[in-house]
Amino acid sequence: MKYNKSFAALVAAGMVRGSLAQTWCGKNFMANQSVVPPGGQFVLPTQSVEPLLSFRCAPVFRPYLQEDAKSAAFVVDTPIVYDWIAGAEPILLPSTSGSSSSSTGLGSLSVTISVGSVKTTANVPLNATNFQIPVDISKLQAQKTKYNVSCSATYTAPSSSKSQPAYNQKFKTSASLLYLPDTNASVTKTDLRTGALWVRPANGKGGAFAPFVPQGFYINFDQYLAKNLTMIDQLKADGFLHPIPPYDNLTIFQEVVNKTVSAGMYIVYDMRSNYQNLTAVTQQVKTYASIPNLLNWETAHEPDGNSDPQSAAQSTYDLIYQLDGYHPISIVLNCEDYNFSPYVKGADIVIQDAYPIGINATYSPVWHTVCTPDFGHCGCDNCQGTLSDVKTRVQTYKERLNILGFDRTKSVWTTPQAFGSGAYWNTTPTGQQWAAMGFTSFSHGALGSKSYQYPTTTGNVTTIEGTATNLTVLITQFIQPFIVDPNATYASYDYLGVDAGLWHNGTAYLLLVANLVNAEVYVPWKEVGLGSITNATTQLQRVFSVSQNTNATGLNFRPGGIGIYTATPP
């Protein structure tokens, strides 16, 4: 549930929603309602004693254009797992293979990718991740309809004895290829190796595709943009633009589009008001698919909280791909654990919007009832009321997508909280808290960030807007190159409540750190993966930090401390 600067308006909207749906995240929340377990919980996979192969393949980019045909490729994953996740099958490994953490001695698979008349075969190591196979698709016809792709693999385990015959094991999986005609209109590709978006310049003047990690704000169209287009100038320094519908004045909405194109800003087209009306969706897609700065479509907004039909987002998703296909589709999920699986089928981008700052996690000041896993609405579903709620939500969504077999085809974004001081929230996050929500999201796999909402707290660098103006540039310059690099390795760390993400591109390291606890913490370098640092003065470069500094042996954090560092150990 959102807050639009008016406590009374929010409570009234909540009462209307409550009187209609009677539940939030499947739970009763009003004083006159009884406790009814919500159901809809995500089912975790059972474990396996024996090793399993999670064989997966996907095109490197979605979509491919005709101009990409000769350079197209597929990415294949062959990890050995011990959970019955989607597509996992038993695999008989050599008795001397040892731990699944190493591919040494495991051999390889002969993988064949078939799409239309095109067939390509290559050897792929067992227990490999992000293995790329070139596939020339120029013989295929570029079309709006997706191609069905068959991926098969044959594994011959290395024999421990010459007299023992080799045993072939066969595996299959499927994928889809979107191969579209070239166009001069806007196109947003997704790099399925990383989940990152690739775009042309937003000014509509053409140019090469380049990776892009979106950072920006939601902003109410009718309340703000339609009355003051100069707000776009203020937002330009903070990233891209996501107008919140309804877009009642279409003349002014077109002016917003024109002004953002001139400013070189991408824009998200939001259909939350009518995404279930497929006639309206058709009209909107046909009208706005060709604007030069369209980043993506957004359809369902908190459908899990509203308990929208579980199939609605997917129906809209399928229709948009029939009409367009050149832009990905996002949805926003509000609930911690309520029918995640069916809702995410209608999205390429799954956005979390846990707003934990300033809530009472156990008692609702709006409904005057307790909040438990089975009852109540405290503004942040099943949250603890700390920065760690954001970390947990992003990580949980990533893990669920992997379990469902969507780890390559769907990515996670985050919505840092940029509001408060009313309704469920008794305070607004500081600039430092806002940045920490973004940092911990990136450290756990988020590939985009758009804060709810603008205008937010203004002033110096201690406020959200003051922080955003400076931080957006640093994220683009220092964080983006690492998290969009398909060859970069990555690891996350948690030490006494300090959350860290570490990337290595083969030459340098990127370290993102955020102290998510209200305590002073000292973190030795080895606890965040940088045990090889012997001289912090020469091997570590500070990019940005607040309430945090380094010394020769580690990092010192005050409560809420954050930092961005690059490192080049020997």
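From a predicted model like this one, the values you see are computed outputs, not experimental measurements.
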Ser330 and Asn296: CA distance, side-chain angles, deciding distance, side chain to side chain donor-acceptor pair (under 3.5 Å) verdict | CA-CA 7 Å; Ser330 64; Asn296 70 278; 3.0 Å; yes
Between Lys146 and Tyr321, is NZ or CZ placed under 6.0 angstrom from the six-membered ring centre and within 45° of the ring axis?
-> yes
Output yes when a side-chain donor or acceptor of His377 lies under 3.5 Å from a complementary backbone atom of Gly379, and no otherwise.
-> yes
Looking at side-chain heavy atoms only, is the closest gap between Pro59 and Tyr64 below 4.5 Å?
-> yes
Would you check if the side chain of Tyr452 reaches a backbone N or O of Tyr355 as a donor-acceptor pair within less than 3.5 Å?
-> no
I would like to know whether Asp499 and His444 meet side chain to side chain donor-acceptor pair (under 3.5 Å); could you show each step before the answer?
-> CA-CA 9 Å; Asp499 182 61; His444 290 272; 2.6 Å; yes
Side chains of Thr190 and Leu192 in contact at under 4.5 Å (non-hydrogen atoms) = yes
Is a donor on one side and an acceptor on the other found under 3.5 Å between the side chain of Asn274 and the backbone of Asn277?
-> no
Side chains of Thr121 and Thr112, donor plus acceptor under 3.5 Å = yes
Side-chain touch Leu502/Thr489, heavy atoms, less than 4.5 angstrom = no
Is Glu298 paired with Lys450 through a side-chain N to carboxylate O contact shorter than 4.0 Å?
-> yes
Between His242 and Asp270, is a side chain to side chain donor-acceptor pair (under 3.5 Å) present by the stated rule, with each step listed?
-> CA-CA 8 Å; His242 185 132; Asp270 192 323; 2.7 Å; yes
side-chain contact (heavy atoms from CB on, under 4.5 Å) against Thr145, all qualifying residues, sequence neighbours excluded = Gln143
Is it true that Asp407 and Arg56 have a side-chain N and a carboxylate O under 4.0 angstrom from each other?
-> yes
Is Arg62 salt-bridged to Asp348, cutoff N-O under 4.0 Å?
-> yes
Lys27 NZ/CZ over Phe29 ring centroid, <6.0 Å and within 45° of normal = no
Thr414 (side chain) donor-acceptor with Ala446 (main chain) under 3.5 angstrom = no
With distance as the sole test, does Asp485 use its side chain to make a donor-acceptor pair with the main-chain N or O of Pro481 at under 3.5 Å?
-> no
Return yes when atom CD of Gln132 has more than 12 non-hydrogen atoms of other residues, nucleotides or ligands closer than 6.0 Å, and no otherwise.
-> yes
Cation over ring, Lys189 on Phe61, under 6.0 Å and within 45°?
-> yes
Arg408 vs Asn402, side chain to side chain donor-acceptor pair (under 3.5 Å): CA-CA, chis, key distance, verdict | CA-CA 8 Å; Arg408 285 286 176 203; Asn402 180 53; over 6 Å; no
Quick one: are Asp68 and Tyr179 in side-chain contact, heavy atoms under 4.5 Å?
-> no
For atom NZ of Lys345, is the number of surrounding heavy atoms from other residues, nucleotides or ligands below 6.0 Å larger than 12?
-> no
Take Phe171 and Phe55 through the test ring pair (Phe, Tyr, Trp, His ring centres under 6.0 Å) and record every step on the way to the result.
-> CA-CA 7 Å; Phe171 303 88; Phe55 173 47; 7.2 Å; no
Between the side chain of Thr78 and the main-chain N/O of Asn127, is any donor-acceptor distance below 3.5 Å?
-> yes
Residue among Asn382, Asn339, Asn334 satisfying side chain to side chain contact (heavy atoms under 4.5 Å, CB included) with Cys25 | Asn334
Report yes or no: does Lys172 contribute a side-chain atom to a donor-acceptor pair with the main-chain N or O of Ser150 at less than 3.5 Å?
-> no
Do Ile479 and Ile564 have side chains that get closer than 4.5 Å, going by heavy atoms?
-> yes
Using 30° and 60° as the class limits, which term best fits the ring planes of Phe212 and Tyr266: parallel, tilted or perpendicular?
-> tilted
Are any of the side-chain heavy atoms of Pro51 and Tyr82 separated by less than 4.5 Å?
-> yes
Geometric cation-pi criterion, Lys398 with Phe340: 6.0 Å, 45° | no
Report yes or no: does Ser307 contribute a side-chain atom to a donor-acceptor pair with the main-chain N or O of Pro303 at less than 3.5 Å?
-> no
Give a yes or no on whether the backbone of Leu180 and the side-chain of Gln66 come within a donor-acceptor separation of less than 3.5 Å.
-> no
Output yes when a side-chain donor or acceptor of Asp77 lies under 3.5 Å from a complementary backbone atom of Pro79, and no otherwise.
-> no
Would you say Glu67 has more than 12 foreign heavy atoms packed within less than 6.0 Å of its CD?
-> yes
Indicate yes or no: at least one non-hydrogen side-chain atom of Thr188 is less than 4.5 angstrom from one of Leu294.
-> no
Any side-chain heavy atom of Val528 sitting closer than 4.5 Å to one from Leu511?
-> yes
